Amino acid sequence: MDINELNDQRLRRREELKFFEEKGIEPYPYSYSTTHTAKFILENFDDTNPAPLSNVSIAGRIMTFRRMGKATFCDLQDETGRIQVYFRKDDLPEMYDLLKYLDIGDIIGVEGFVFRTKMGEITVHTRNFTLLCKSLTPIPVPKIEEDEKGNKIVHDQFTDKELRYRRRYVDLIVNSEVREVFRKRAKIISFIRNYLDNRGWLEVETPILQPIYGGATARPFITHHNALDIDLYLRIADELYLKRLIVGGFEGVYEIGKNFRNEGMDRMHNPEFTALEIYVAYKDYFWVMELVEDLLNSLVLNIFNSDKIVYNGTIISFEKPFQKVDMFDLFTKFIGEDLLSKDEIELFKIAKRLGLELPENSNKVKILDEIFSEIIQPTLIQPTFVKDYPIEMSPLAKKHRSKPGLVERFELFICGFEIANAFSELNDPRDQRERFEEQAKLRAKGDEEAMVLDEDFIYALEVGMPPTGGLGIGIDRLVMLLTDQKSIRDVILFPQMKLEPKNL
RNA sequence: GACCCCGUAGCUCAGUGGUAGAGCAUCUGACUUUUAAUCAGGGGGCCGCAGGUUCAAUUCCUGCCGGGGUCACCA
């Protein structure tokens, strides 16, 4: 970067850096030993017995300065929180003047003793301090005011969404609630992994680069392998590979990983997103329903110490059992007609009557899907299993054991969005081939999202897959729900953005 | 992809057809228990980019870039 582009604050910091180097002070040292964290000190300081904290060493980023001549206070932020640090000229005869060359954003280590100030704040009284990293560019400096009731009022908060997403590291420094969201995300994923491991299932990793993409209906990202000179696709789902592992004799396999879909981005969609998929041999979708109920119920209990959460101001209960309802019963309830028996032309008329806009060549599946997602889905607030979908919507699900035209599939809806999708997995290779052929016809008619025939997958089914229950959970949406976030971008550390313009 | 809103100092934001203002941050000075520290003084802006209208544009118009939102597409 051209030096002329630096503003006064950045120039000043470079001068300070030079000052430290000329003084023989390393501005970027190699390590520092801490004995305590901010949180530990704040939680454990005892006014009647300060001795245990009479010699602490902490490290963190300077977030505020209050300089008062021969005394200075600043707030030091480490990963656990913020603690006030006190510097007194009398106690730091040689070093006190160095404080002048420190800025908000610098990282320092502080050794000293803990005491409580007149104003009642637990504070580290500095005996010695060390520069650990000179920050050369200023960060936003929101100020936090606490009113008499203890409510926190944040002034000059860093709110520009574009900058917050592009410079997530700054967002994380400055907006503590963002750190909490991602801690909770990690906790959720860790809980799920433990839960599945404890049930004895095997965590596996399947290819992200795939010669044939499958397992969902979506447009893929295409890439190229130079040595093999072939195009490969980034996976849109794990499903077909995990089922191959069930064929291989593992009786419970799961994967938590990224999928990639080359489609629109909005509040609910990011091009790469995290999914859990799990397949368990000898089980059907009724068993999977109980699994989902128990997994989510224990997850919520573990994180909230309650089976109720609040999302967008609404109390959501994860008490078992969740509601279960047949998709076509919902249609009857909301539309007043049994849609199962209707043909494409009748469905089209009904959709028009409901005021839905449909493309001219909409097939039966698209119309049903449209009616469901527009009219019914937004009303599914409390956890609700919707089950028994039309066969055309679900090319990898097993035909219903008693209801013609339907498959054994359910989806779980909470707060109007889909959290889980599960089937009794189709394991009849003859049927699977026919379903793929149906998809090929849709593709021929211009449906770019229709599935592609995967001969090797059919071959695997011919080798033989036991009856299997399968499940997919959108982890990002689950995290949104459990952290009360309205946009998927707020639960993904580095959401997809357009290229950064040069002038930013 | 369509439509609506937004883009002004490091951050949060005002404002005007005559090339800009506040608070915080920053700099100088004062201040040895402050906490949105305070007090006094100073510096800092291609007003997103490009073009047009105009004597004159940051302001009005058009296009572009970036962001947010709604819809479409999509689980």
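Letters go in sequence order (proteins before strands), and every chain restarts at 1. Every value quoted in this text rests on a predicted model; they were computed, and no experiment measured them.
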What interatomic distance, in whole Å, is found between [atom1] of [M] and the corresponding atom of [N]?
N	M	atom1	value
B:A20	B:C47	P	10 Å
B:U54	B:A2	P	31 Å
B:U19	B:G23	C1'	24 Å
B:C49	B:G7	P	13 Å
B:G51	B:G67	C1'	23 Å
B:G66	B:C24	P	36 Å
B:G17	B:U58	P	14 Å
B:A57	B:G48	P	15 Å

Answer with yes or no whether [X] presents, from its side chain, a donor or acceptor under 3.5 Å of a partner atom in the base of [N].
X	N	result
A:Thr159	B:U12	no
A:His269	B:C74	yes
A:Gln157	B:U12	no

Residue met sooner reading RNA chain B from 5', once A:Thr123 and A:Arg261 are mapped to nucleotides: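 The residue mapped nearer the 5' terminus is A:Thr123.
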
Return whichever of A:Phe413 or A:Glu16 has its heavy-atom-nearest nucleotide of RNA chain B closer to the 5' end.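 Nearest-nucleotide comparison on RNA chain B picks A:Glu16.
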
Nucleotide [N], atom [atom2] - distance to [atom1] of [X] in whole Å:
X	N	atom1	atom2	result
A:Asp266	B:G1	CG	C1'	14 Å
A:Ile83	B:U35	CD1	P	18 Å
A:Arg489	B:G67	CZ	P	7 Å
A:Phe372	B:C74	CZ	C1'	16 Å
A:Leu102	B:U26	CG	P	12 Å
A:Lys143	B:A37	NZ	P	4 Å
A:Arg82	B:A36	CZ	P	13 Å
A:Asp156	B:U12	CG	C1'	5 Å

Would you indicate what [X] reaches in the nucleic acid, counting non-hydrogen atoms under 4.0 angstrom: base, sugar-phosphate, or nothing?
X	value
A:Tyr86	base
A:Ile139	nothing
A:Ser373	nothing
A:Asp91	nothing
A:Lys118	base
A:Glu263	sugar-phosphate
A:Arg88	base
A:Arg67	base
A:Ala218	sugar-phosphate
A:Phe115	base

Measure from the side chain of [X], starting at C-beta and using heavy atoms only, and say which of [options] lies closest.
X	options	answer
A:Arg66	B:U12, B:C31, B:U35	B:U35
A:Arg166	B:G10, B:G67, B:U33	B:G67
A:Thr117	B:U33, B:U26, B:U28	B:U33
A:Gln84	B:U34, B:U28, B:C11	B:U34

Aromatic centroids of A:Phe413 and A:Phe372 separated by under 6.0 Å: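 Centroid separation for A:Phe372 and A:Phe413: below 6.0 Å.
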
Residues which pass side chain to side chain donor-acceptor pair (under 3.5 Å) with A:Arg61, listed by chain and number, not counting sequence neighbours: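 Checked A:Arg61 against side chain to side chain donor-acceptor pair (under 3.5 Å); zero matches.
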
Does a side-chain heavy-atom distance below 4.5 Å link A:Lys243 with A:Leu396?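 Contact flag for A:Lys243/A:Leu396 side chains = yes.
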
So do A:Leu406 and A:Leu340 actually touch side chain to side chain, heavy atoms under 4.5 Å?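 SC-SC contact between A:Leu340 and A:Leu406 confirmed.
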
Is there a donor-acceptor contact under 3.5 Å linking the side chains of A:Gln84 and A:Tyr86?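 No donor-acceptor contact under 3.5 Å links the two side chains.
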
Indicate whether the side chain of A:Thr206 and that of A:Arg235 have a donor and an acceptor atom separated by less than 3.5 Å.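 Distance-only check passes for A:Thr206 and A:Arg235.
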
How about CD on A:Glu79, more than 12 heavy atoms from neighbouring residues, nucleotides or ligands closer than 6.0 Å, or not?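 At most 12 heavy atoms, drawn from other residues, nucleotides or ligands, come within 6.0 Å of this atom.
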
Identified pairing partner of [N], criterion: Watson-Crick or G-U wobble below 3.5 Å:
N	result
B:C60	B:G52
B:G23	B:C11
B:C3	B:G69

Can you tell me if A:Lys366 touches the phosphate of B:C73, counting only side-chain N or O atoms and a distance under 4.0 Å to OP1 or OP2?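 It does not, given that no N or O in the side chain of A:Lys366 lies less than 4.0 Å from OP1 or OP2 of B:C73.
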
Are A:Arg12 and B:C27 close enough that a side-chain N or O sits under 4.0 Å from OP1 or OP2?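 Result: yes.
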
Is the closest basic N to carboxylate O distance between A:Asp326 and A:Lys324 below 4.0 Å?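 So A:Asp326 does not pair with A:Lys324 through a salt bridge.
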
